[in-house]
Undergrad: 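One structure follows; several queries about it will come next.
Computed from a predicted model, the values in this text were never measured in an experiment.
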Number of protein chains: 2
Amino acid sequence: MSDLVNPVGTRAIARDAVRARISEVAVDLFDEHGFDNVTVEQIAAAVGVSARSVHRYFPAKEDTVIGDPAGWGEHVRDQLASRPSEEPLWDALLASYEALLLTPSRNEAQGRKAMRVLGSTPALRARNLEKHLLWARLLTPIVAERLEGNHRELRAETIVQASLACFDIALTAWAEADAVESSVELLRRSFGALQPTA
Amino acid sequence: MSDLVNPVGTRAIARDAVRARISEVAVDLFDEHGFDNVTVEQIAAAVGVSARSVHRYFPAKEDTVIGDPAGWGEHVRDQLASRPSEEPLWDALLASYEALLLTPSRNEAQGRKAMRVLGSTPALRARNLEKHLLWARLLTPIVAERLEGNHRELRAETIVQASLACFDIALTAWAEADAVESSVELLRRSFGALQPTA
DNA sequence: CCCAATCTGTCAGTGTCTGCCACTTATGGC
DNA sequence: GCCATAAGTGGCAGACACTGACAGATTGGG
């Protein structure tokens, strides 16, 4: 679940498996007892490793829920870079996020649970927003490339951040228990809210 | 700088003064040595109080830079609520943020320095974005009120988050050393980036 | 002037996170 | 198959942020 490239070598396979296992156990514990009421030591004990090792796999407790932000961010960036330049900018952005949502990363139920936990604690929300800042740095140059006129940098940044907000809102809504729509459907709807005239 | 309501009673005055002093010293230290390289104990020593007292004024180290988010958020909400209902939504939002920027809160130099420090550390940026989430909760109902059609909630959330992104980008750009434009000018420009057709 | 509310410092404790070291285990060259 | 090297792991000590409890000092209002 962590990498988009297939791990090569038994070592890398084992590492990814352990990583996934820790994340799964952590999310379950957080979902049941609340993020602040679960210590790293408890997670470690439940998995069967030492607390020190948990911190080797995840630099911070919050990352057990968030996962690896950089990897997915680069994925979106590559998608966006490969869109035809004559395509309208917002369409290209939408398509790039959609490609990410359609990537079979982890199973549905686990993903929803992670998103639900993520929305329940300020510390996690904050960490998740940090991920967006990282993505923004990757996407802004590409968007700026496609713009014309003055103040390209500022306008690109605005567009990227706004689109990321759409992405976040769509995923949050999708995680709600009563949401039956697909995440792609919600994403399109959120994007549409910013283009009433187009 | 912390409150919009005038503190009543000498005790409240003293409290606000100490609070402002801690924030000022902290921002200076962060600006010089970096957020992660300054401990709460060092801030406390520089101010002349105990570390425990610093934590009494600010629940978290990051809050010495951010300040009180709720107060300003309510200010924006009130502004937005008082805009005429026939005014276009984005104009009303823009006007509400502008009113906040024009409020003489603290001196220019200190404000810029705080924003610069804020932009320099991921943890601070994230904490600042959390503030936006709090604002969003206040603004979304009012925006939803003005919308028509289906999915008002999701669309309102999208619009609010996007406008907050504009606000954040404008302030960040304003804090840059080489930015000579006013914050209001930058805010308008950022808003404009989302309405190419209107 | 006095009493009570408030403020403050000190201390002890929890939890996250990071180096450091020793030990075990897998990997790849020979 | 053997062995040096690299990688993974656990335990330990320590830095730091943050919290609760307690005692003493300060101050404001009556």
Side-chain angles (χ1 to χ4, degrees), chain A residues 2-3 7-23 25-27 29-30 33-69 117 121-128 130, chain B residues 2-3 6-23 25-27 29-30 33-66 117 121-128 130:
Chain A
S2 60
D3 272 0
V8 57
T10 61
R11 217 135 203 177
I13 294 176
R15 184 169 174 83
D16 272 26
V18 173
R19 193 181 157 85
R21 178 77 183 131
I22 293 174
S23 176
V25 169
V27 169
L29 287 173
F30 294 155
H33 303 106
F35 183 79
D36 293 326
N37 298 322
V38 178
T39 69
V40 173
E41 210 136 355
Q42 289 172 322
I43 300 170
V47 176
V49 296
S50 71
R52 189 67 187 84
S53 281
V54 172
H55 276 117
R56 264 194 267 266
Y57 282 96
F58 298 97
K61 186 183 169 188
E62 294 91 7
D63 295 325
T64 57
V65 183
I66 311 274
D68 175 25
V117 169
T121 304
L124 281 173
R125 302 203 60 151
R127 196 75 166 196
N128 192 43
E130 266 190 80
Chain B
S2 60
D3 271 359
N6 347 355
V8 56
T10 61
R11 217 129 205 179
I13 294 175
R15 186 173 174 81
D16 272 25
V18 174
R19 194 181 157 84
R21 177 79 184 128
I22 293 174
S23 176
V25 169
V27 169
L29 286 174
F30 293 155
H33 303 104
F35 183 78
D36 293 327
N37 298 323
V38 177
T39 69
V40 173
E41 210 136 355
Q42 289 172 322
I43 300 169
V47 176
V49 297
S50 71
R52 188 67 184 84
S53 281
V54 172
H55 276 119
R56 266 193 265 262
Y57 283 95
F58 298 97
K61 186 181 167 188
E62 293 92 0
D63 295 325
T64 57
V65 183
I66 311 270
V117 169
T121 305
L124 279 173
R125 298 204 59 153
R127 195 77 163 196
N128 190 44
E130 257 190 274

Undergrad: Which pair of non-hydrogen atoms, one from B:Thr64 and one from B:Val27, has the smallest distance, and what is that distance?
TA: O-CG2, 4.3 Å
Undergrad: Under 3.5 Å, which protein N or O atoms sit close to an N or O of nucleotides 28-30 of chain D? Give each pair with its distance.
TA:
unit_1, atom_1, unit_2, atom_2, d
D:dG28, OP1, B:Thr10, OG1, 3.2

Undergrad: Heavy atoms only: give me the nearest B:Lys61-B:Asp36 pair and the separation to one decimal.
TA: NZ-CA, 4.4 Å
Undergrad: Just wondering, do A:Pro122 and A:Arg125 contact through their side chains at under 4.5 Å, heavy atoms?
TA: no
Undergrad: Using a heavy-atom cut-off of under 4.0 Å over every strand shown, decide if B:Ala60 touches base, sugar-phosphate, or nothing.
TA: sugar-phosphate
Undergrad: Of all heavy-atom pairs between B:Ile22 and B:Phe58, which one has the smallest distance, and what is that distance?
TA: CG2-CE1, 3.6 Å
Undergrad: Looking at every strand, decide which applies to B:Ala14 at a 4.0 Å heavy-atom threshold: base, sugar-phosphate, or nothing.
TA: nothing
Undergrad: Expressed in angstrom and rounded to an integer, what is the separation of A:Ile22 atom CD1 from D:dG10 atom C1'?
TA: 14 Å
Undergrad: Between A:Asp36 and B:Ser53, which is nearer to the 5' end of DNA chain C once each is assigned its nearest nucleotide?
TA: B:Ser53
Undergrad: Heavy atoms only: give me the nearest A:Ala51-A:Glu41 pair and the separation to one decimal.
TA: CB-CA, 4.4 Å
Undergrad: Taking all heavy atoms of A:Glu130 and all of B:Ala126, pick out the closest pair and write down the distance.
TA: CG-CB, 3.4 Å
Undergrad: Give the rounded distance in Å between these two atoms: CZ of B:Arg52 and C1' of D:dA17.
TA: 11 Å
Undergrad: Of all the heavy-atom pairs spanning A:Asp63 and A:Pro59, show the shortest one and how long it is.
TA: OD2-CG, 3.3 Å
Undergrad: Flag the pair A:Phe30 / A:Thr121 as yes when at least one side-chain heavy-atom distance between them is below 4.5 Å, and no otherwise.
TA: no
Undergrad: Within this structure, what is the CD-CZ distance for the pair B:Glu62 and B:Arg127, rounded to the nearest 0.5 Å?
TA: 5.0 Å
Undergrad: Got a sec? Which of residues 38-47 of chain A come in under 4.0 Å of DNA chain C, heavy atoms?
TA: A:Val38, A:Thr39, A:Val40
Undergrad: Separation of A:Arg56 atom CZ from D:dA7 atom P, in whole Å?
TA: 14 Å
Undergrad: At a heavy-atom distance below 4.0 Å, which nucleotide of DNA chain C is the first touched by chain A, and which is the last?
TA: C:dT16 to C:dT27
Undergrad: Taking the side chain as C-beta and beyond, is there a heavy-atom pair between A:Asp68 and A:Arg19 under 4.5 Å?
TA: yes
Undergrad: Would you indicate what A:Tyr57 reaches in the nucleic acid, counting non-hydrogen atoms under 4.0 angstrom: base, sugar-phosphate, or nothing?
TA: sugar-phosphate
Undergrad: Send over the distance from B:His55 NE2 to D:dC18 P, rounded to a whole Å.
TA: 4 Å
Undergrad: So do A:Tyr57 and A:Ser23 actually touch side chain to side chain, heavy atoms under 4.5 Å?
TA: no
